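Contents: one structure, followed by commentary.
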Amino acid sequence: MTVEQCYGYIGGDYAEVMDRIQEPNLIKRCVVRFVEDPSYGELKKSLSEKNYSEAFRAAHTLKGICQNLSFTALFEAVNPLTEQLRDGTEPADMSLFDKVTEKYNITIRGIKEITE
């Protein structure tokens with residue numbers, strides 16, 4: 001799978017990231033490094049511990065990375081959760097995390113396809 005095909009698979013916007021970064025090899029390096037980013041794991045852990053201020057920080061970081069890399073589907077999943085966590089209290093809709101998890105897993109699977 002190419003990086004551009006990966007973007008299609010994960011619901012990302014390859015043209016947008018190309019406009020921003022303009023170097024296909026750099027895009028691939030950034031995308032591959034996303035697998036190592038701890039934000040999702042920190043979000044999951046913070047939510048399970050009911051540490052909502054830390055969960056907000058992790059969600060906000062994940063959202064920013066997704067926006068910078070044009071991971072549109074994952075960005076659109078994490079954005080509402082980030083906003084519900086903004087005040088440091090329990091989100092009104094915890095099912096939002098399930099949507100983040102679904103899109104995160106698709107994103108990781110797509111990235112692993114380009115590294116194999």
Side-chain angles (χ1 to χ4, degrees):
M1 177 183 294
T2 67
V3 175
E4 187 170 3
Q5 290 168 330
C6 173
Y7 268 80
Y9 175 79
I10 68 171
D13 189 333
Y14 186 73
E16 184 178 281
V17 79
M18 275 296 291
D19 284 345
R20 184 176 300 110
I21 298 177
Q22 301 179 351
E23 176 55 49
N25 290 330
L26 181 56
I27 293 169
K28 183 175 181 177
R29 278 186 286 171
C30 291
V31 167
V32 169
R33 288 187 64 209
F34 178 77
V35 175
E36 301 166 8
D37 180 78
S39 301
Y40 173 80
E42 291 170 359
L43 173 60
K44 184 176 181 176
K45 180 178 184 259
S46 298
L47 286 173
S48 73
E49 294 174 350
K50 300 185 183 308
N51 185 341
Y52 301 117
S53 59
E54 272 303 304
F56 168 73
R57 188 194 60 72
H60 193 268
T61 300
L62 182 60
K63 181 180 94 165
I65 293 167
C66 291
Q67 189 170 31
N68 287 334
L69 291 175
S70 300
F71 290 172
T72 309
L74 182 53
F75 171 83
E76 289 174 352
V78 77
N79 188 45
L81 179 60
T82 304
E83 292 311 310
Q84 285 196 13
L85 288 164
R86 187 170 292 280
D87 65 359
T89 60
E90 183 174 2
D93 185 1
M94 284 299 289
S95 73
L96 291 173
F97 180 68
D98 296 334
K99 293 174 186 167
V100 171
T101 297
E102 175 189 348
K103 297 302 181 182
Y104 179 82
N105 288 336
I106 290 169
T107 302
I108 295 301
R109 277 195 306 271
I111 293 169
K112 287 184 177 180
E113 286 288 321
I114 63 173
T115 61
E116 294 176 348

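Computed from heavy atoms alone, side chains included, the values below leave out hydrogens, waters and symmetry copies. The shown structure was predicted, so the numbers you read here are calculated from the model rather than taken from an experiment.
Judged by distance alone, the side chain of Gln22 and the main-chain N or O of Asp19 form a donor-acceptor pair under 3.5 Å. For Gln84 (side chain) and Asp93 (main-chain N/O), a donor-acceptor pair under 3.5 Å exists by modelled atom type. With hydrogens and angles disregarded, no donor-acceptor distance shorter than 3.5 Å links the side chain of Ser95 to the backbone of Asp98.
Heavy atoms of other residues, nucleotides or ligands lying less than 6.0 angstrom from CZ of Arg20 number more than 12.
Between the side chains of Tyr40 and Thr101, at least one donor N or O sits under 3.5 Å from an acceptor N or O. Using modelled atom types, one finds no donor on one side chain facing an acceptor on the other under 3.5 Å when comparing Thr107 with Asn105.
No side-chain heavy atom of Phe56 sits under 4.5 Å from any side-chain heavy atom of Ser46. Between Lys99 and Glu76, the closest side-chain pair of non-hydrogen atoms is not below 4.5 Å. A heavy-atom distance below 4.5 Å is found between the side chains of Arg57 and Glu42. At a threshold of 4.5 Å between non-hydrogen side-chain atoms, the residues Ile114 and Thr2 do not count as touching.
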So Val3 and Val17, side-chain contact (heavy atoms from CB on, under 4.5 Å) or not? Walk me through it. CA-CA 11 Å; Val3 175; Val17 79; over 6 Å; no
Determine whether Lys103 and Val78 satisfy the following criterion, side-chain contact (heavy atoms from CB on, under 4.5 Å), listing intermediate values before the conclusion. CA-CA 9 Å; Lys103 297 302 181 182; Val78 77; over 6 Å; no
Verify side-chain contact (heavy atoms from CB on, under 4.5 Å) between Thr82 and Leu62, making sure each step is shown before the conclusion. CA-CA 9 Å; Thr82 304; Leu62 182 60; over 6 Å; no
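Here the options are Phe34, Tyr14, Tyr9, the test is ring-ring contact (aromatic ring centres under 6.0 Å, His included), and the partner is Phe71; only Phe34 passes. For the side-chain contact (heavy atoms from CB on, under 4.5 Å) with Val31, the qualifying choice from Leu26, Ile111, Thr115 is Ile111, the only one to do so.
Here CD of Glu83 is found 5.0 Å from NZ of Lys63. Values are rounded to the nearest 0.5 Å. For the atom pair Leu69 CG and Asp37 CG, the distance stands at 9.5 Å (nearest 0.5 Å).
Hydrophobic clustering (ILVMFWY, side-chain heavy atoms < 4.5 Å, transitive): Leu96 and Tyr104 are in one cluster. No chain of hydrophobic side-chain contacts below 4.5 Å, direct or via other Ile, Leu, Val, Met, Phe, Trp or Tyr residues, connects Phe75 to Ile106.
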